[in-house]
Amino acid sequence: MRVVLCGSTEETGQYAAQIIADRIVEGPCTLGLATGSSPLPVYRELIRRHRQSGLSFAQCVAFTLDEYVGLDPQDSRSYRATIRSDFVDHVDLAPEALHSPRAQDGDATALSTAAAQYERCIADAGGIDVQLLGIGGNGHIGFNEPSSSLASRTRIKALTRETRDANARFFEDDETVPSLCLTQGLGTILDSAHAVLLAQGESKAAAVRASVEGPVSAACPASALQLHPRATFILDPAAASALENLDYYQHVQALNDELGLRPLGRPLHSVRSLCESSVSD
Ligand code: F6R
């Protein structure tokens, strides 16, 4: 597990964008895309690189993490529409290369079938190469709320009151926030080749600490990433502020800087070299 301490929100986006750009250079790439505020700096940076340096997503396939049940995919509040307006519509990713769970039909059988189809579709694409993640204040990733099985696959989940309150800003009022979703499972996320979690702001600090330094527990779903062979937490100062071993992560980062393994501001070295040869995982 790598903890990357960034100086600002924008820097978290630059760091994650570099991970994606490095992977794209290697060849066809399957991206896992999160919605919400946390990945917005990444999308801004990827769009900037697409426009200014020609970073191309033409060989990419993308899968959203989750989707509300009962919203039409054209509904601007659906996660499919959101990921299009935040990112996909501004780059050259083919519209048919964007996949999201079919969750508009609230019937339980249809939703279970859609969840199983989504898992097959991810497998048929060869699995996810880089999975972007945000984290909820209660430690959820995707919409895997506390008590989610660490082995779970894409399925129907009920959102907690806390998550519905946090997302009420996108709806008219709390009561119109959907209460159900389809979400990739923790097992699905653990199968990605590289899980990249971004957290910014003090409201995420306790969840970040529980995920990185607490026990692996269904009570904090993001702690499952401790089982991931390649998980990177990219944090701004406020999100990192509750970490008990902050001194150690700073020390590791300083060593990596000394070795020339830190990518930002050091164009000769890529994130790939950082991930493969930094002094601590
Ligand atoms: C979004 C998702 C959620 C969010 C999390 C944080 O697709 O799956 O896990 O990443 O709720 O949301 P923000 O980033 O808005 O704070």
Side-chain angles (χ1 to χ4, degrees), residues 6 9-10 12-13 16 31-44 62-69 71 73 75-88 98-101 103 115 118 122 128 130-148 152-171 174 177-190 192 195-208 210-211 218 220-225 231-236 238-240:
C6 292
T9 296
E10 281 318 297
T12 62
L31 299 173
L33 302 176
T35 37
S37 310
S38 311
L40 291 179
V42 191
Y43 299 144
R44 278 198 291 275
F63 289 87
T64 65
L65 258 179
D66 38 24
E67 183 58 276
Y68 290 120
V69 165
L71 292 188
D75 187 316
S76 62
R77 300 162 305 179
S78 76
Y79 276 4
R80 184 177 180 82
T82 303
I83 208 74
R84 286 194 59 174
S85 60
D86 287 345
F87 176 51
V88 172
L98 174 66
H99 301 275
S100 54
Y118 202 57
I122 292 173
I128 289 172
V130 181
Q131 175 65 64
L132 287 180
L133 299 164
I135 184 170
N138 63 4
H140 73 224
I141 48 176
F143 275 141
N144 295 282
E145 300 283 30
S147 81
S148 290
S152 51
R153 314 301 304 189
T154 303
R155 70 209 184 290
I156 311 166
K157 278 298 283 185
L159 301 177
T160 60
R161 184 75 255 175
E162 181 182 349
T163 300
R164 293 181 70 207
D165 287 347
N167 291 357
R169 64 193 193 277
F170 302 111
F171 293 82
D174 288 18
V177 184
S179 53
L180 296 175
C181 66
L182 281 186
T183 180
Q184 285 186 34
L186 293 172
T188 320
I189 293 168
L190 290 177
S192 62
V196 176
L197 184 147
L198 292 104
Q200 305 99 358
E202 209 183 333
S203 64
K204 303 296 175 70
V208 166
S211 311
C220 177
S223 67
L225 294 172
T232 303
F233 278 67
I234 305 178
L235 310 174
D236 78 353

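Fair warning: this is a prediction, and the values are worked out from it, not measured in the lab. Both counts, for ligands and for their atoms, begin at 1 and track the order of listing.
Nearest protein heavy-atom neighbour of atom 10 (O) of ligand 1: G134 CA, 3.3 Å. In terms of protein heavy-atom proximity, atom 16 (O) of ligand 1 is nearest to K204 NZ, 2.7 Å. Looking from atom 6 (C) of ligand 1 to the surrounding protein, the closest heavy atom is I135 O, 3.4 Å. The single protein non-hydrogen atom nearest to atom 9 (O) of ligand 1 is G142 O, 2.7 Å, given as residue, atom name and distance. Nearest protein heavy-atom neighbour of atom 11 (O) of ligand 1: H140 NE2, 2.6 Å. In this structure, the protein non-hydrogen atom closest to atom 14 (O) of ligand 1 is S38 OG, 2.5 Å.
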Going through the checks in order, is the side chain to side chain donor-acceptor pair (under 3.5 Å) test met by R155 and S148?
CA-CA 11 Å; R155 70 209 184 290; S148 290; 3.2 Å; yes
Pair T183, I156 - check side chain to side chain contact (heavy atoms under 4.5 Å, CB included), show working.
CA-CA 7 Å; T183 180; I156 311 166; over 6 Å; no
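A donor atom on one side chain and an acceptor atom on the other are found under 3.5 Å apart for T12 and Q200. A side-chain donor-acceptor contact under 3.5 Å links E145 and N138. Residues H140 and T163 bring a donor and an acceptor atom of their side chains to less than 3.5 Å of each other.
For T154 against Q184, the heavy-atom pair with the smallest separation is OG1-CA, 3.5 Å.
Heavy-atom contacts of L65 reach the following atoms of ligand 1: 8 (O) (cutoff under 4.0 Å). Of all atoms in ligand 1, listed by their number and element, those nearer than 4.0 Å to a heavy atom of S37 are 13 (P), 14 (O), 15 (O).
For atom 7 (O) of ligand 1, the nearest non-hydrogen atom from the set T82, L33, T35 belongs to T35. Nearest to atom 2 (C) of ligand 1 by heavy-atom distance, out of D66, L133, L197, is D66.
Using a 4.0 Å heavy-atom cutoff, Q200 is absent from the residues neighbouring ligand 1.
Note that the OH atom of Y68 and the CG atom of L182 stand 13.0 Å from one another [nearest 0.5 Å]. Taking CG from L198 and CD1 from I234, the interatomic distance works out to 5.0 Å, rounded to the nearest 0.5 Å.
The shortest N or O to N or O distance between Y79 and ligand 1 is not under 3.5 Å. The shortest N or O to N or O distance between A34 and ligand 1 is not below 3.5 Å.
Just one of R164, R169, R77 meets the side chain to side chain contact (heavy atoms under 4.5 Å, CB included) condition when paired with V177; it is R164.
With a 4.0 Å heavy-atom cut-off, ligand 1 is reached by the side chain of R169 but not by its N, CA, C or O.
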